[in-house]
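Notes follow once the structure below has been shown.
Please read all numbers here as calculations on a predicted model, not as lab measurements.
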Amino acid sequence: MHLPRRHFLGSSSFLLGNALLEAVATPLWQWKDRTLLQAAKAGSPAGAPPSPVQFVNVAQHAGLISPNVWGGVDHKHSIIEAKGSGLAFFDFDHDGWLDIYLTNGNRLDAHWDSGKAPTSHLYKNNRDGTFTDVTEKSGLGITGWQTGVCIGDYNNDGWDDLFCCFWGHNRLFHNNGDGSFTDVTRKAGLSQEQVRWGAGCTFLDYDRDGFLDLFVCNYLKLDPEKIPAASDTHFCQWKGVPIMCGPRGLPGDTNLLFHNNGDGTFTDVSAKSGILKPGPRYSITAVSYDFDNDGWPDIYVAVDSQPSILFQNNHDGTFTDIAVGAGCAYSDGGHEQAGMGVAVADYDCDGWFDIFKTNFADDTSNLYHNNGDGTFSDVAFPAGFGANQQYVAWGCGFIDYDNDGWQDLLQINGHVYPEIDSYHFGQSFKNPRLVYRNLGNGRFKDVSAEMGPGISEHFSSRGAAFGDYDNDGGMDALILNMNDPPSLLQNVAGSSRGNWIKLKLIGTHCNRTAIGARVRVTTGKHTQMDEVHSGTSVMSQSDLRLHFGLGSAQSVDVLEVKWPTTQKIERFTQVKANQILTLREGSGTLSANPPRP
């Protein structure tokens, strides 16, 4: 949440304000596409011809009615109240259908009646378009300022576990496989006594030993005892408006790397791995991909108000921050930015992963094109991302919403100062979303006005997760709205979308979640790639399955999976389109079965 210039009001100079291949059958429940499309078209802005694909917010019908609680509604006194949090799409019970985990926050100086305090929520997918709140049974109903979340099977028992970042103390929840979770933070060696503001996190196997390690972003040091009382009249200033202070002027914190010992415990290797060398940073979101195609996972960190970080894996248990030299630390003009969200994809299908990063208002998001020689070029303006600078941008994701074989982009927005609604800055606290269509030539087109009411609705949003919750082949979106219920954007298209294929990978030699496994899908002369990844967007977790649009192709000519530990490749040809597939490492066999009852 970068403010280019800070001016302080009041007497003090600064104040703390502030298993086999499974094809999932047609869903039991389907929206009537014609009805939804007609409603979506009716809700499109005047003069904007609707896209064949529409996004419709079906959260209320789906049963996602729990409101987010995060600080003050009309005024933010401290920076913690402005930050917000992420959420997750993940299949906690492994039935082939995406479930939902919603983080939650608190109010400063709140005193809740028994049973009234806000908590995080776990929702089970009923496979009919609705969800059931199973929080009580799960043991995940935690009250506190929970910020980030990432998913990974840290002990390789076949059930994906949940790591949750907090302002306070982070927690690791072990998935017991029966719908319940156990807090194993202390047992796993991840507990820390001091209060820290954890933000984003990501599981990765940085040493390729078959066990998932854990990288954690810490945003800044904010002592709860030193937050000014509500009666304090000293504030910072943004465009002449008195607002809460930060992050500049507040002490940054350091990122952490924990090595998985293979016995259910972790060791802090932040110092010896080189993770501490960049020093304190206002880190928000981390993602891990193999950016230099050397077979080892690297780490990119979106940093607020300071240079962002690219940790290159040195293959010996250490990392080096190369972001400045690589060209992905600053803006194209060499300026520090308010890095918040991160999306990664090979958007131009040249065989190298590119990086999209969201920033504060009065700035543009970055599109760092991977040049394939260890450097990146910020091509945001020539690619078509330069026009929308009025939004504070948060969650983001590359999703092929129309299944044409090219990764489009969805950006989530929401300002941090409710007070701006009283002024005439051309900006507002609640904002619409943005959709950019990939034109397949290195450029994107802003098609937001065509994409339906789920895009045009206004919220101050933060986290976003992406996945196909209804298993119909269209990529959907789950969005956290500050002090409002969430949005569940269903991708509605009828027969307008192209063909597709979706892949769930299960590791045997590598980590069970298969994080770091790379898939290449070829149809004709067109080759796409992706990697299984943890974290991303902003402090959020998207579907661990990999989705590829195929356009008009009825089958995949070649499907290749490169497993991260052994670097072995499994290759399949003439794989039929429009299937959700599960591949167990080393099986070498593809079979199609309906989902479990």
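Judged by distance alone, the side chains of Asn313 and His315 never bring a donor and an acceptor atom under 3.5 Å apart. Asn57 and Glu457 are linked by a side-chain donor-acceptor pair at a separation below 3.5 angstrom, with hydrogens and angles left out of the test. Of the N and O atoms on the side chains of Asn438 and Tyr347, not one donor lies less than 3.5 Å from an acceptor on the other residue. Judged purely by distance below 3.5 Å, without hydrogens or angles, the side chains of Asn388 and Tyr436 pair a donor atom with an acceptor atom. Between Asn68 and Arg462, the side chains place no donor N or O within less than 3.5 Å of an acceptor N or O (distance only, hydrogens not considered). A donor-acceptor contact closer than 3.5 angstrom is absent between the side chains of Gln312 and Asp298. Using modelled atom types and a 3.5 Å distance limit, the side chains of Ser120 and Thr103 yield no donor-acceptor pair. Donor-acceptor pairing under 3.5 Å is lacking for the side chains of Asp557 and Thr523. Counted by atom type alone, Ser487 and Asn481 present one or more donor-acceptor pairs between their side chains at under 3.5 Å. Remark: the Asn413 side chain and the Gln390 side chain contain no N/O donor-acceptor pair separated by less than 3.5 Å. Side chain to side chain, Asp153 and Asn511 fail the donor-acceptor criterion of an N or O pair below 3.5 Å. Counted by atom type alone, Glu585 and His509 present zero donor-acceptor pairs between their side chains at under 3.5 Å. For the residue pair Asp470/Gln490, the side-chain donor-acceptor check at 3.5 Å is satisfied.
Here Ser308 pairs with Tyr300, Val303, Lys357 under the side chain to side chain contact (heavy atoms under 4.5 Å, CB included) rule; sequence neighbours left out. Evaluation of the salt bridge (charged side-chain N to carboxylate O under 4.0 Å, His left out) rule for Lys430 yields Asp484 as partners, not counting sequence neighbours. Listed by chain and residue number, His259 satisfy the side chain to side chain donor-acceptor pair (under 3.5 Å) test with Asp207 (two or more places apart in sequence, or in another chain). Not counting sequence neighbours, Asp292 has no partner by the salt bridge (charged side-chain N to carboxylate O under 4.0 Å, His left out) test. Listed by chain and number, the residues in a side chain to side chain donor-acceptor pair (under 3.5 Å) with Asp378 are Asn366 (sequence neighbours excluded). For the salt bridge (charged side-chain N to carboxylate O under 4.0 Å, His left out) test, no residue two or more places apart in sequence or in another chain qualifies with Asp408. Residues that satisfy the ring-ring contact (aromatic ring centres under 6.0 Å, His included) test with Phe356, not counting sequence neighbours, are Phe385. Remark: Ser540 engages Leu87, Ser537 in a side chain to side chain contact (heavy atoms under 4.5 Å, CB included) (not counting sequence neighbours). With sequence neighbours excluded, the residues that form a disulfide (SG to SG under 2.5 Å) with Cys150 are Cys201.
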Test salt bridge (charged side-chain N to carboxylate O under 4.0 Å, His left out) applied to Glu336 and Arg248, step by step: CA-CA 12 Å; Glu336 294 174 344; Arg248 288 184 173 173; 2.9 Å; yes

Criterion side-chain hydrogen bond (donor to acceptor under 3.5 Å, both in side chains) on His369 and Asp348, from CA distance to verdict: CA-CA 9 Å; His369 176 262; Asp348 55 354; 2.8 Å; yes

Derivation and outcome, side chain to side chain contact (heavy atoms under 4.5 Å, CB included), residues Thr147 and Trp70: CA-CA 10 Å; Thr147 48; Trp70 202 277; 4.0 Å; yes

Worked verdict on Val538 versus Thr358 for side chain to side chain contact (heavy atoms under 4.5 Å, CB included): CA-CA 9 Å; Val538 69; Thr358 59; 5.8 Å; no

Derivation and outcome, side-chain hydrogen bond (donor to acceptor under 3.5 Å, both in side chains), residues Asn255 and Asn218: CA-CA 5 Å; Asn255 299 314; Asn218 288 302; 5.7 Å; no

Stepwise side chain to side chain contact (heavy atoms under 4.5 Å, CB included) check, Asn491 with Val53: CA-CA 7 Å; Asn491 181 323; Val53 175; 3.2 Å; yes

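Using a 4.5 Å heavy-atom cutoff, the side chains of Asp354 and Asp346 are in contact. A heavy-atom distance below 4.5 Å is not found between the side chains of Pro280 and Asp253. Within the 4.5 Å cutoff, the side chain of Leu546 has no heavy atoms near those of the Lys504 side chain. The closest side-chain heavy-atom distance from Phe89 to Ile100 is below 4.5 Å. Looking at Val392 and Tyr417, their side chains never come closer than 4.5 Å, going by heavy atoms from C-beta outward. You'll find the side chain of Glu531 reaches within 4.5 Å of the side chain of Asp290, heavy atoms only. Contact check for Phe203 versus Phe163: side-chain heavy atoms found under the 4.5 Å cut-off. Side-chain contact between Leu480 and Ser85 is present, with at least one heavy-atom pair separated by less than 4.5 Å.
Ring geometry for Phe444 versus Phe398: interplanar angle of 30 to 60°, hence tilted.
Within the cation-pi definition used here (under 6.0 Å to the ring centroid, within 45° of the axis), Arg208 qualifies as a partner of Trp296.
Among all heavy-atom pairs drawn from Phe311 and Ile275, the shortest one is CZ-O, 3.6 Å. Nearest approach of Ala380 to Ser365, heavy atoms of both residues: CB-O, 3.2 Å. Pairing each heavy atom of Ala323 with each of Leu310, the nearest pair is CB-N, 3.3 Å. Of all heavy-atom pairs between Trp167 and Leu222, the closest is NE1-O, 3.0 Å. Counting all heavy atoms, side chain and backbone alike, Tyr206 lies closest to Pro297 at CA-CG, 3.7 Å. Minimum heavy-atom separation, Ser51 to Met451: CB-SD, 3.6 Å.
A donor-acceptor contact shorter than 3.5 Å links the side chain of Thr285 to the backbone of Met340. Gln306 contributes no side-chain N or O that, together with a main-chain N or O of Gly252, makes up a donor-acceptor pair within less than 3.5 Å. With hydrogens and angles disregarded, no donor-acceptor distance shorter than 3.5 Å links the side chain of Asp363 to the backbone of Asn359.
Not less than 6.0 angstrom separates the ring centroid of Trp145 from the ring centroid of Trp197.
Sorted by first and then second residue, the ring-ring contact (aromatic ring centres under 6.0 Å, His included) pairs involving residues 514-537 (not counting sequence neighbours) are Tyr289-His533, Trp406-His526. Within the structure, side-chain hydrogen bond (donor to acceptor under 3.5 Å, both in side chains) contacts touching residues 320-335 (residues at least two apart or in different chains) are Asn314-Thr320. Residue pairs meeting the salt bridge (Lys or Arg N to Asp or Glu O under 4.0 Å) criterion with at least one member in residues 388-407, sequence neighbours excluded, are Asp402-Arg437, Asp404-Arg437.
Note on Arg518 versus Asp530: no salt bridge recorded, every NZ/NE/NH1/NH2 to OD/OE distance being 4.0 Å or above. Salt-bridge check for Glu81 with Lys76: failed, with every basic side-chain N at 4.0 Å or more from each acidic carboxylate O.
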